[in-house]
Amino acid sequence: MISRSSCISTISVTRMSDFGKSIVFDNDSYYNYMQEEYPESPDWPLLLLQLSGERRERRDLIYFVLRSVASVGRDADEETLGAHQLWRNACIRRATELSFRPEFHERPPLPTWAQRAVVQVRDQLRPLYPQVDAVEVIATFDPRLHVRAYHTTRQIHVSLLTRELLRLMDLSIWNAIATHQQLRRKPEAVLPGLNYDYFLPFLLPLYREISWALIPMMRLNSELAGVGAATAAGLQMTFMIAHEFAHLLLHDDGMSGPELEIEADRFAYDVLFRAPGENITVGDVWMAVRWLFEILSIENLMAWRLSGSNGTPNTSTPSRHTLIHPFARSVGPSLIDLQLGGAGLQMLLAIRGNLEGLTAEAVRKRAALWTEALTTEDVKKSERIKMNIFGEE
Amino acid sequence: MGDKGLAAGAGDYPDAWVEGIDYGVSQTFDESLTCVVEVAEGKKLTGESLDTLVTSLLNFDDPAYDVRVVQIRLAKLLGEHFLRSGDEHALQQAMDLMMRVQAGSHLPQPSVMLELARLRSEAGRRLRRPALLSEAIQNLDSIKTGPACDSALEQEVLQASWRAHTWRAELTRSDQDWLSAASAAIRLIEVAEVGDPYISSHEQAAARALLEHYEITKQVDSLKDAIERLRRCLTDSSAPRAHIAQACYLLGRALRFRGQRSGSVLDLNEAVIILERAVVESDFTDEDIMAYLSNQAFAYLARYEVTMEISDLDEALRALARSFSATLDPVKAEHRLANLFNVLSLRIRRGGFELELLSHLALLESRLTRKYDPALAGWWLLHLEVEAYIRAYDSQSSHDLLLAMLLLKRCAYLIPDDVTSFEDIEVPAGAQLKPGSFISSLQTFKEVSAKSAGIRFAPTDTFPDVLGALVEDIRTDLVNSGLSADEIDACSFEYSYDLALFVHLDNLGDTHV
């Protein structure tokens, strides 16, 4: 069994003695908003009535982010599931209340992971780029996988959904790795394969009219998986933020092209590999960023299939993910990092290969099934599509 | 200057080359010529038209016009073109033009001589011709002793002289050249004004030359002086990161030399730390980092020889693996491959489990199979397997046995059943193994394994027979030691090794599932 001591993410686990049955909290996200003492709004029913379409949409997005703070272990018992239900109820009330606060529309506060990423990047760049502090980083609820720089305002916009979706996809890989390790100890066991369907329901609200409040929750197969996913997502976001800093610090407004993207990637690699952060190894960085490019290419391909295209998106030349190779070779990740990162990379490549081999029609059909399952009131229909993705049979 | 346009010769410069230039009579001779050279700067510097231009400039002999400025300009242009493209014809033209200027009716100006020396130096380095560098050094010496050498010119001459001696020393390993390079750099420090930002660079240049001088002559004074100068360099906190990295690298090397000479662990400890700083300060994708890593490995190895601490050997391997993995230059890769291979052999012989060994072995296989035929890669690994096998049966440690079993399986996978000869195998420079016949390799292996495990082999046994029998033999020993067959499979290193191999290949761009 592979184990590792490093973790950046401040994850707290209730009832540590029995991880599989626990609720695990991700202190890096909006955990503070759920811990904050606040009086129960006496106007709660009234607030609900006042939720217009746009505000309801914002409430659902906030709820999705708040809900993502807590995950349930794979073997959670009824009592834990009940506790998690109470947590979700609290999240929806809190999200409703926050959706009435102007700042959650205009400028949502940066969660802990984003604050840490920004401090890390700024500290690293300040000696060479004193103007780095003039760049402002803003959180958004944009329903897209992106971080984007704006030259005119010297701002970087970070979508909070991006981090949560990346964490979910990283978690699915980490869960598979954890299961893989457990099953390897039984040589006769059939190791689970992965396919695009493990990502589809989580990404579906990006392409279809589905509320963010309805997408499935993913359980944790091990503590390693929970920590690994939060760490990977944090590093992936830091990489993307550093990449955008590069555009603002090195490039003029209006400039674009693959060379600039390559330069920004190199800049971001240098920031991360030079100072990976407390308790983070260069192997963690390699793994997170190598996975990131595969995840993004899967998401890109999925968007193509769902839009009806049977083709494959063009990749830049040279492919951006290859830029990490010289860094990976010279920093020398440890064997444990190679094993964990390599196992995840193989799975991601398999998922991409699986998706490439499918027609748009097949993927759209599957998406329709998921859409129906996620939006239906009929519990039985919803149950039919539930998957025990990584559980032992 | 008269109205002597190039209109008459315009036909010599086809439109394709001098596109956009109007050779009307309204242009002066200088203006026209300057235009042509400007066009040459933006165009390909080849073809008949260029040759014609050079010939015209070489043969131009009208004392009424001073064409030296244009001649020098075109010569420099041709020199730059040579440096970019390696076009020796351009180099020859550049030197002809320079010499034409030099041989003019007036005495050659020192600045012209300096340009000529620079051109010869660059050419000597590029073409690896010490004779050109010697000519450059002669030119520079004649300026130094000439009457018109003011302090600004002296600095330029010293710079050029330091370069020329350094480059010639790199080609000839002349200790005298290293001393001359050091003298030029030291003189540059002496003539520099207080606060000159280049002083630290000159210190570093002098220290490097002294260090190289020590390597050849073993004169301790040079080593001592180099260390003092490098320590001074590192007090300059405003220096660029690459400069600090280079100074750390040189100081680390110097301290290693001193530590090896005296057996001082303190020096070797400092060498390891300072070389780590060189690695940290360097650009991850720069060629320099590989040299820093290799030297860090040598410092660890030097300390290992004194302390015999296995952790030093492991750290040396780690640094060598990174250095080898990052090297793309085929010649350097060959040397680093040999270094990694030799230290891996030593590490396996030394015994004691270290998980990272699997990654280093997988790295070796990934690069060997890329460079060589898989069978030859298998033959290489077989040499490590012999070490592993002997070690496993000496120690009877289950980890050593599992490692030996893994290597046997890799060899069996890589060497096809029908291979009959390894006689033409390529062996990198520095590797401590020699090409041999299939039969002798097999015989060696049989002797080793039969001695270790008491297995009897028939003379007709093939490699697959031998490797298969040994795998089974190790498995039996592991079962006898109390492990179940399932436990052996679960504990085997194959899964870890496969993943490490996959990633090492991915890092080369060979992604596959």
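Chain letters run A, B, ... following the sequence lines, proteins first and then strands; every chain starts at 1. In this text, all values refer to a predicted model and were calculated from it rather than measured experimentally.
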Open item on the list: Among Leu355(B), Val279(B), Ile289(B), which residue has the highest count of heavy-atom pairs closer than 4.5 Å to chain A?
Closed with: Leu355(B)

Task: Pick from Ala362(B), Ala319(B), Ser359(B) with the largest number of heavy-atom pairs that fall under 4.5 Å of chain A - done: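 Among the listed options, the one with the most contacts to chain A is Ser359(B).
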
Open item on the list: Using only atom types and a distance under 3.5 Å, with no angle test, would you say the side chain of Gln339(A) pairs donor to acceptor with the backbone of Leu499(B)?
Closed with: no

Can you find a heavy atom in the side chain of [X] that is under 4.5 Å from one in the side chain of [Y]?
| X | Y | result |
| --- | --- | --- |
| Arg329(A) | Phe284(B) | no |
| His504(B) | Leu338(A) | yes |
| Phe502(B) | Leu349(A) | yes |
| Tyr269(A) | Thr285(B) | no |

- [ ] Return the option, out of Ser334(A), Gly341(A), Ala328(A), with the maximum number of heavy-atom pairs under 4.5 Å with chain B.
- [x]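 Looking at each of Ser334(A), Gly341(A), Ala328(A) in turn, Ser334(A) comes out on top.
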
Proximity breakdown for [X] and chain A, heavy-atom pairs closer than 4.5 Å:
| X | answer |
| --- | --- |
| Leu363(B) | neither |
| Leu293(B) | side chain |
| Ala321(B) | neither |
| His360(B) | neither |
| Arg318(B) | neither |

- [ ] Give the minimum heavy-atom separation between Asp270(A) and Arg241(B), together with the two atoms involved.
- [x] OD2-NH1, 4.1 Å

Task: Minimum-distance pair of heavy atoms, taken over all atoms of Gly342(A) and Val503(B) - done: CA-CG2, 3.5 Å

What is the distance from atom [atom1] of [X] to atom [atom2] of [Y], rounded to the nearest 0.5 Å?
| X | Y | atom1 | atom2 | value |
| --- | --- | --- | --- | --- |
| Leu335(A) | Leu358(B) | CG | CG | 5.5 Å |
| Arg274(A) | Glu281(B) | CZ | CD | 7.0 Å |
| Glu356(B) | Ile336(A) | CD | CD1 | 7.5 Å |
| Asp283(B) | Phe327(A) | CG | CZ | 6.5 Å |

